Amino acid sequence: MLDMFDPALLARARTQSRQSQRSLVEELQALSGQEPRQIVRQLAEPFGLTVMETAEMFGQQPAFDLLPLALALARHCVLLRDAQGLLTGVIADPFDLDLQTWLAAQAGCTAARPLHLRLALAGDIQAYLGKQEESARAVDTLVGDSGEGRRDGKTAAVLSFASVSEGASPAVKLVNSTLYDALKAGASDIHLESTAGGLAVKYRVDGVLDHAASVGGIELAEHIISRLKVLAELDIAERRVPQDGSFRVESGGREIDLRVSIMPSIHGEDAVIRILDKRAMIESYGALTLEALGFDAPSLSTLRSLAQEAYGMLLVTGPTGSGKTTTLYAALTEIHNGREKIITIEDPVEYQLPGILQIPVNEKKGLTFAKGLRSILRHDPDKIMVGEIRDRETAEIAVQSALTGHLVLTTVHANNVFDVFGRFTHMGIDPYAFVSALNGIWAQRLIRMNCPHCATPYEPDQAELASAHLHPEEVGDYLFMRGKGCGDCRGTGYKGRRSIAEILTLNDEIRELIVDKQPIRRIKAAASANGTRSLRMAALDLVKRGATTIEEIKRVTLHA
């Protein structure tokens, strides 16, 4: 019976399960010493559930039309159909009521027509899904590959539950499991940091690094870095200089590009793996539209107006990882009507846009942004997207293109809309030509949202308000919310991100101030009178509604 477990022991196991990659049963096994199948039977009885054994699970068909394989893998559950077409939901944690509600919604069930639930070991569920993943890959192989994304000659290594579990060297298994877990966690980057005793593994999720695991042993750490070098076709003997490479994996029926950066450190070598999951962008945003990015209505209206101009330049600015390229993709998707020639030059091409000519930068072959942009102008474009302006030559060509009847959409690194002027001045661009070409500047950030499952109201103290330059009399109508941390948000208190923006549209007064090299405070005053709202004000609106926290806006916008 369940009362064999001490309530404190059970609570401890649930807490540790939320904070780790292990299932509730695995935590209970570690704490109690009982066999997993004995534990799962005891967990099932008080909830009126029955246990589904492996053989019975494999005797039914997965309902991937209702719950796709990728989601089933990520949420550790599955929907099954028996021979009569009856649906059963299989879960591993009977305490996870949010998962049960979500699974019933995926199955189209309601309170009046509830979903039949069964309990199973998490390992059995993953083994079943791993087998289905292998079957799907076998079908893909028989059908044949379209060749899309393989023009570089690289073959995707298969990354699945089976490949993570199969007998291989410890280094290979650790690399595979790290990649697999990072993809399930929705990470954008993986950091492997060499330490005096081994390796620290961190994932960047929603823009913030989260410690995932530690690997003991210097020799094993070196083998892991060497394994990454082999995958990325780098020199495993060279450990004194930085190296960059890439490779591709196949997971959940989709190909994912991985960019690898190796850097020497005092303890050996560090590696950072950038995950470029094109399909994930589609799944996250659905149809790639500006509404899907979460901007407020006034900002959306202004951005659409700037993107639909006949000619001129729209600059999007912000730090790395702030969503600049995704915003430009969404804008291009909306303005693409098939009657105009749209060409992009990018490094890399992160998302394929149907009907648009996209050119990847290849500096090793001499194709830089500047050279590519010169060639694009001979290709009769109407609208041009330049992935990033990094140097004077690219900036001059982009400005000239905007002055000669093309609409140019591009990005540049700057903290806010006003810092852009200093960037172009530093690159030696004539201010008059620049402001004549410029229609507007769009600065953006990504703000983490409070987890909807664990966010609760709270009252900040005066010190917390002062740290964000807020006064008690200013926040009388604020709804302060903060996430406590749960399994759904990996204990962070945050779940998902949305975009905020600062927009500067140029008028004659602002252009004259810039050309006359007036102080920034005068330009800011004129911009404010013209309707520009700062990034911090946009973020405070989210705090006011309880959507995010003071800590988050301090992290993202305090110095913007």
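Note: hydrogens, waters and symmetry copies are ignored here, and every other heavy atom, side chains too, is used. None of these values were measured; they are calculated from a predicted model.
The shortest heavy-atom contact between Ala468 and Ile550 is CB-CG2, 3.6 Å. Residues Pro381 and Ile343 approach most closely at CB-CD1, 3.8 Å, considering heavy atoms. Residues Asp270 and Ser265 approach most closely at OD1-OG, 3.5 Å, considering heavy atoms. For Ile553 against Ala539, the heavy-atom pair with the smallest separation is CG2-CB, 3.5 Å. Shown here for Asn416 and Thr317, the closest heavy-atom pair between the two residues is O-CG2, 4.0 Å. The minimum heavy-atom distance linking Leu99 with Cys77 is given by the pair CD1-SG, 4.0 Å.
Of the possible donor and acceptor atoms, none in the side chain of Glu552 sits under 3.5 Å from a partner among the backbone N and O of Thr549. When atom types are taken as modelled, the side chain of Ser194 and the backbone of Glu269 share a donor-acceptor pair closer than 3.5 angstrom. Using a distance-only test at 3.5 Å, with no hydrogens or angles considered, no donor-acceptor pair links the side chain of Gln444 to the main chain of Ser499. Listed for the Ser467 side chain is a donor-acceptor partner under 3.5 Å among the backbone atoms of Glu464. Remark: the backbone N or O of Asn450 is not paired with any side-chain donor or acceptor of Thr548 at under 3.5 angstrom. The backbone N or O of Gly387 lies less than 3.5 Å from a partner atom in the side chain of Thr411, making a donor-acceptor pair. The main-chain N or O of Ser301 is never found under 3.5 Å from a side-chain atom of Ser305 such that the two would form a donor-acceptor pair. A donor-acceptor pair is defined here as one N or O able to donate and one able to accept, closer than 3.5 Å; such a pair exists between the side chain of Arg498 and the backbone of Gly294. At distances below 3.5 Å, not a single donor-acceptor pair connects side-chain atoms of His406 with backbone N or O atoms of Gly312. In terms of modelled atom types and a separation under 3.5 Å, the side chain of Asp257 and the main chain of Ser246 share no donor-acceptor contact.
The closest side-chain heavy-atom distance from Glu396 to Ile429 is below 4.5 Å. Contact of the Ile397 side chain with the Val386 side chain is not registered, since no non-hydrogen atoms from C-beta on lie closer than 4.5 Å.
Residues meeting the ring pair (Phe, Tyr, Trp, His ring centres under 6.0 Å) test with Phe480, sequence neighbours left out: Tyr478. The ring pair (Phe, Tyr, Trp, His ring centres under 6.0 Å) search around Phe369 returns none, not counting sequence neighbours.
Classified by interplanar angle (parallel below 30°, tilted 30° to 60°, perpendicular above 60°), the ring pair Trp442/Phe295 is perpendicular.
Side-chain contact of Thr344 with Tyr329: a donor-acceptor pair under 3.5 Å is absent, judged by distance alone. Side-chain contact of Thr325 with Glu346: a donor-acceptor pair under 3.5 Å is absent, judged by distance alone.
Within a 6.0 Å sphere centred on OH of Tyr458, other residues, nucleotides and ligands contribute more than 12 heavy atoms.
Annotation: the span from Thr557 atom OG1 to Asn415 atom CG amounts to 11.5 Å, rounded to 0.5 Å. Rounding to the nearest 0.5 angstrom, the gap separating the CD1 atom in Ile342 from the CG atom in Asn337 is 7.0 Å. Taking OG from Ser401 and NZ from Lys383, the interatomic distance works out to 14.0 Å, rounded to the nearest 0.5 Å. Ser299 OG to Arg533 CZ: the interatomic distance, rounded to the nearest 0.5 Å, is 6.0 Å. Atoms CD and NE2, from Glu474 and His469 in turn, are 11.5 Å apart once rounded to the nearest 0.5 Å. Ile376 contributes atom CD1, which lies 6.0 Å from atom CD1 of Ile384 (distance to the nearest 0.5 angstrom).
Salt bridge status for Asp244 with Arg259: absent, with no side-chain N to carboxylate O gap under 4.0 Å. Ionic pairing of Glu551 and Arg482 is present here: one or more N-O contacts between side-chain nitrogen and carboxylate oxygen are shorter than 4.0 angstrom. Asp347 has a carboxylate O that lies under 4.0 Å from a charged side-chain N of Arg390, or vice versa, which qualifies the two as a salt bridge.
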